[in-house]
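The structure appears below as structure tokens.
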Number of protein chains: 2
Amino acid sequence: MLKDDIVAVPHECVDCPIRHRAVCARCEPDELAELEEFKYYRSFEAGQTVVWSGDRMDFVGTVVSGIASLTQTMEDGRTQMVGLLLPSDFVGRPGREGAAYDVVATTDLTMCCFRKKPFETMMETTPHIAQRLLEMTLDELDAAREWMLVLGRKTAREKIASLLSIVARRDATLRKVTMDGPLVFDLPLTREAMADYLGLTLETVSRQISALKRDGIIHLEGKRHVTVPDISVLMEEAGDDSDGGMLV
Amino acid sequence: MLKDDIVAVPHECVDCPIRHRAVCARCEPDELAELEEFKYYRSFEAGQTVVWSGDRMDFVGTVVSGIASLTQTMEDGRTQMVGLLLPSDFVGRPGREGAAYDVVATTDLTMCCFRKKPFETMMETTPHIAQRLLEMTLDELDAAREWMLVLGRKTAREKIASLLSIVARRDATLRKVTMDGPLVFDLPLTREAMADYLGLTLETVSRQISALKRDGIIHLEGKRHVTVPDISVLMEEAGDDSDGGMLV
DNA sequence: CGCGCGTCTTGATCTGTGTCAAAGATATAC
DNA sequence: GTATATCTTTGACACAGATCAAGACGCGCG
């Protein structure tokens with residue numbers, strides 16, 4: 001039995017990321033009070049599809065735990081990941097009818113959702129929210145365009161290094177040590193998911209990771225636990241200029 | 001002598017795209033009146049850079065005529081185009097300090113600009129504008145993500161076919177005939193610009209265009225004038241499902 | 001008219017990544 | 001403990017596209 005259903009509808013949720021990050025950065029806490037009754041949680045198992053491209057998407061929400069991804073698929077099965085959603089990331093397209101791409105649970109996933117209609121109503125009455133959403137969308141656009149450079153012009157090795165440095169610095173919860181020391185984290189993606197993100201095959205991903213390991217750029221314990229002795233060396237491999245910026 | 005300077009500051013501009021498309025879709029005509037005094041035009045020659053990545057960008061605006069592109073460049077010179085701006089397209093990142101990528105005039109270019117500060121002020125007082133900008137940014141995000149599929153997973157031939165069908169249907173002014181008949185238009189990009197957009201070399205672009213010509217998918221007069229006898233055949237080549245959607 | 005310069009085409013060859021195949025890890029179930 | 005499934009690594013080989021190189025075309029200008 002799948003877990004694709006509403007698991008809880010609490011009217012109080014102190015830890016909900018939508019409050020402090022996605023929407024409410026500049027709002028008074030009680031500005032969202034009227035939305036509480038339209039809030040609910042949904043859980044998904046790794047591999048489940050949250051929404052299919054083209055389907056009506058009647059909610060917006062944020063990732064509470066786990067990882068979701070946005071993917072596009074061609075008829076013959078070739079797929080490209082176009083977005084990676086880590087905890088606290090926002091999903092949803094206010095003002096849009098349907099989803100533009102599949103939303104897939106890459107790991108087990110919990111999302112905090114609001115029904116879209118009341119959310120949009122609130123957007124109209126609370127200008128800060130539209131501005132905050134614009135800001136978030138601009139961030140996503142920057143990330144997407146950075147990825148276009150990765151997809152279009154970087155070699156397989158550079159792609160892997162780019163992905164590693166992005167994942168490492170994106171999700172603070174994965175980050176075990178500070179910027180200047182060695183960086184230790186767990187890869188939240190399978191080789192296949194990495195391949196879909198980078199426009200490679202999973203074999204190439206595996207080979208390049210092995211190569212980075214062999215060259216001492218990274219160390220691996222098991223398949224997922226990564227140690228980066230020197231972050232600037234990794235960034236060098238990624239072909240990024242100086243500090244690279246925040247991607248994904 | 002370059003043309004990178006203000007060429008006119010008219011206080012009346014009936015045809016300015018920013019009025020009817022970029023910003024004012026839902027605004028009363030006089031809502032922008034207060035901005036008129038901050039409006040000006042700038043012209044650039046093909047090849048000139050409008051803003052450098054990282055530079056302070058103190059204006060927003062729309063393309064009036066010509067084509068601009070957003071590009072990213074690596075230290076070793078590899079470049080990837082990440083946005084293509086046709087007439088009536090909006091440029092600028094309200095709420096952001098600097099530019100995130102180079103803005104380059106791909107052809108001779110005229111832009112209609114507003115100083116950013118007063119524009120942002122108006123955004124705060126006119127909620128429709130923030131909502132309209134959010135909508136536009138979501139469109140750009142969709143386009144960027146569609147391009148990620150092109151860059152990451154399509155073959156060279158599919159890339160060319162994708163670009164042709166996108167350019168053909170994007171800019172109404174280039175469109176000489178209706179959807180169902182043959183499509184005739186002038187390519188506004190050099191082979192090199194196409195290559196930068198598609199993550200290919202210009203030689204590969206040239207070869208693939210020749211191949212499409214040889215196979216009767218397109219006809220060429222000179223280097224730029226394209227005729228597409230059957231659009232659905234071209235879309236088939238692009239690997240798009242049914243109606244493809246609006247990209248770029 | 002011929003010259004020079006940028007754009008485009010085409011050819012020959014090289015190489016990075018994909019494809020196909022098999023076997024090694026690791027985890028979960030029995 | 002063994003069995004089964006999933007994920008990962010590694011190898012051998014093929015091919016799409018890059019690279020290097022030479023011309024062809026078009027166009028402005030003397």
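Only a predicted model underlies this, so the values are computations on that prediction, with no experimental measurement involved. Note on naming: letters A, B, ... go to the chains in the order of the sequence lines (proteins, then strands), and numbering restarts at 1 for each one.
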Check: With a 3.5 Å cut-off and no angle check, do the side chains of S53(A) and D102(A) form a donor-acceptor pair?
Finding: no

Check: Taking the side chain from Q80(A) and the backbone from T73(A), do they hold a donor-acceptor pair closer than 3.5 Å?
Finding: no

Check: Side chains of T106(B) and S69(B): donor-acceptor distance under 3.5 Å anywhere?
Finding: yes

Check: Can you name the nearest heavy-atom pair linking R145(A) to E140(B), along with the distance?
Finding: NH2-OE1, 3.0 Å

Next item on the list: Please examine the side chains of M57(A) and V91(A), heavy atoms only from C-beta on, and report whether any two atoms are closer than 4.5 Å.
Entry: yes

Next item on the list: Rounded to the nearest angstrom, tell me the gap between atom CG in D196(A) and atom P in dT8(D).
Entry: 12 Å

Next item on the list: Walk me through it: do V51(B) and Y101(B) pass the test side chain to side chain contact (heavy atoms under 4.5 Å, CB included)?
Entry: CA-CA 8 Å; V51(B) 232; Y101(B) 3 76; over 6 Å; no

Next item on the list: Please give the angle, rounded to 10 degrees, between the axes at the start and the end of the helix from dC1(C)-dG30(D) to dC30(C)-dG1(D), where five pairs define each axis.
Entry: 30°

Margin query: Expressed as a whole number of angstroms, how long is the span from R207(A):CZ to dG11(D):C1'?
Written below: 7 Å

Enumerate, atom names and distances included, each donor-acceptor pair closer than 3.5 Å involving a side-chain atom of residues 199-218 of chain A, sequence neighbours excluded.
residue, atom, partner, partner atom, Å
T201(A), OG1, T204(A), N, 3.3
T201(A), OG1, T204(A), OG1, 3.0
S210(A), OG, S206(A), O, 3.0
D215(A), OD2, R157(A), NH2, 2.2

Next item on the list: Would you kindly give the CD-to-P distance between E221(B) and dG26(D), to the nearest whole Å?
Entry: 12 Å

Next item on the list: Nearest whole angstrom, please: distance from the C1' of dG23(D) to the CD of E203(B).
Entry: 14 Å

Check: Between T204(A) and G222(B), which is nearer to the 5' end of DNA chain C once each is assigned its nearest nucleotide?
Finding: G222(B)

Next item on the list: Quick one: label T190(A) by what it contacts on the DNA or RNA (base, sugar-phosphate, nothing), any heavy atom closer than 4.0 Å.
Entry: sugar-phosphate

Check: For DNA chain D, whose closest nucleotide is more 5', that of S210(A) or that of L200(B)?
Finding: S210(A)

Checklist line | Stepwise side chain to side chain contact (heavy atoms under 4.5 Å, CB included) check, H225(B) with F185(B) | finding: CA-CA 6 Å; H225(B) 192 73; F185(B) 62 95; over 6 Å; no

Notebook entry, point to check: First contact, last contact: which nucleotides of DNA chain C are these for chain A, 5' to 3', heavy-atom distance under 4.0 Å?
Noted result: dT17(C) to dT26(C)

